[in-house]
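Please read the structure below before turning to the comments.
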Protein chains: 2
Amino acid sequence: MAVKDSKTEQLIKETAQQVFLKEGRMLATTQDIADAAGVNRTLLHYYFRSRDQLFDTVFVEALTELRSRIHDVIGSQLAFVPKIEALVQAFLEVLVQHPFLETFITLQINQQPERYEELFVQLPGGKERLKTFLKEIEREMELGTIPQMKPIQYFINLFALLAYPHIARPLLQKMFDLSDTAYKKILQERKTVVLALLLHQYKTKDQ
Amino acid sequence: MAVKDSKTEQLIKETAQQVFLKEGRMLATTQDIADAAGVNRTLLHYYFRSRDQLFDTVFVEALTELRSRIHDVIGSQLAFVPKIEALVQAFLEVLVQHPFLETFITLQINQQPERYEELFVQLPGGKERLKTFLKEIEREMELGTIPQMKPIQYFINLFALLAYPHIARPLLQKMFDLSDTAYKKILQERKTVVLALLLHQYKTKDQ
DNA sequence: GTCTATATCGGGATAGAC
DNA sequence: GTCTATCCCGATATAGAC
């Protein structure tokens, strides 16, 4: 290919992004994507060789963005509270762009656990940063800023509160009969909800 | 078929349960299941007509159990705190039996949102109970027992904290290098973690 | 680079013998 | 009820013309 990232190649990739990560149609066929992009299906193969590779390109790109942003925040020199705030913010920003990314992550790691290393710990110092972060959580509990529990439980709470509303979005939207706009508002509001809960700063009515 | 639920039929169903809900192999083929059960693949069709119907049988059965248990607890006359406790307990018990049920739920509703009504609100008074529960949450906030936020946010927190560790289990297990046993212990511990967080009863070190 | 035509393959499903 | 053989189809993938 003469020009790297030709116009058509770009178009196909962006369409795949749209279909997979914004619409959540994880089983979309090459034909679906070709139709959505308005190109001949053969071109997907011409540029990306296989459906798998196209999927992977799109998925890994989005994943890398999320991973590296979290990596940066966790490894930063911020104090605990602003660090958690930055983490929530970063997560939210990426997920707004790729609403189904979290669903895909859980799915992929489910079906190809052998790719975990490649997908999640490739950033330099990834494991160490994680350990340090757990230490920071522990230290904060010592200081009495946040409730005491096993640091890993705090970590799980953090990502549960952040990720679940995205993973279960279709379910929750149906359950409470919420429009896209209404749900987006809920997601935005969660920023303060999650922070208050995680930083133990919630006010009850009597306080 | 002369005998309802013949031995072979039972065997196939239980194997499907094992493969789908306990091992999380949601893309398992009819051949995979036949092999696991040690029967001829044709028998799956003989008893369940299609892969879809076999899948559905297993999935709906587990889902019905979870749904009806939650339904019962939410609709019970328990006071708020014991009600939340019962909810956490019920959820945990079902998920121990079907570790991947939550993953399947989010996935299914994702791919067939039109089946939401059929799958989730078929129990009598389902919608009303949900509304009543939200009211109870609201009232509890008025009483100052739990932090103030939109009731739906509290509801999302509840299920996020309960469901996420199951949905993201493969990821978390890899991330922290935990054995099955170690992870199960984490899950058991979550009962108190989640309750403390939800009921706002956590103690920090200084308290 | 883009198209049409065609090959290939896996998996679901059924007919019919036993 | 269980098996073998076969059919069918959708989806991926490639060859080769333009």
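Hydrogens, waters and symmetry mates are skipped; everything else that's a heavy atom, side chains included, is used. As the structure is a prediction and not an experimental result, all values here were calculated from the model. Numbered from 1 within each chain, the chains take letters A, B, ... in sequence-line order.
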For [X] and [N], give me the distance from atom [atom1] to atom [atom2], rounded to whole Å.
X	N	atom1	atom2	result
L43(B)	dT14(C)	CG	P	15 Å
D32(B)	dG10(C)	CG	P	13 Å
L44(B)	dA13(C)	CG	P	10 Å
I12(B)	dC3(D)	CD1	C1'	13 Å
D35(A)	dC3(C)	CG	P	12 Å
F55(B)	dG12(C)	CZ	P	13 Å

**Report entry** Where at least one partner belongs to residues 155-168 of chain A, residue pairs that pass salt bridge (Lys or Arg N to Asp or Glu O under 4.0 Å), sequence neighbours excluded
**Finding:** none
Taking only residues two or more places apart in sequence, or in another chain, which ones meet [X] in a side-chain contact (heavy atoms from CB on, under 4.5 Å)?
X	result
R139(B)	L143(B)
S179(A)	T181(A), A182(A)
D52(A)	S50(A)

Query raised in the report: Taking the side chain as C-beta and beyond, is there a heavy-atom pair between M26(A) and F59(A) under 4.5 Å?
Result: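 No - every pair of side-chain heavy atoms lies 4.5 Å or more apart.
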Report summary line: Its contact letters, B for base, S for sugar-phosphate only and - for none at protein heavy atoms under 4.0 Å, make nucleotides 4-18 of chain D read B------SBBBB---
Using atom types as modelled, flag every donor-acceptor pair under 3.5 Å from a side chain in residues 89-98 of chain B to any protein atom, sequence neighbours excluded.
residue : atom : partner : partner atom : Å
Q89(B)  : OE1  : K191(B) : NZ           : 2.3
Q89(B)  : NE2  : E93(B)  : OE2          : 2.6
E93(B)  : OE1  : R69(B)  : NH1          : 2.9
E93(B)  : OE1  : R69(B)  : NH2          : 2.9

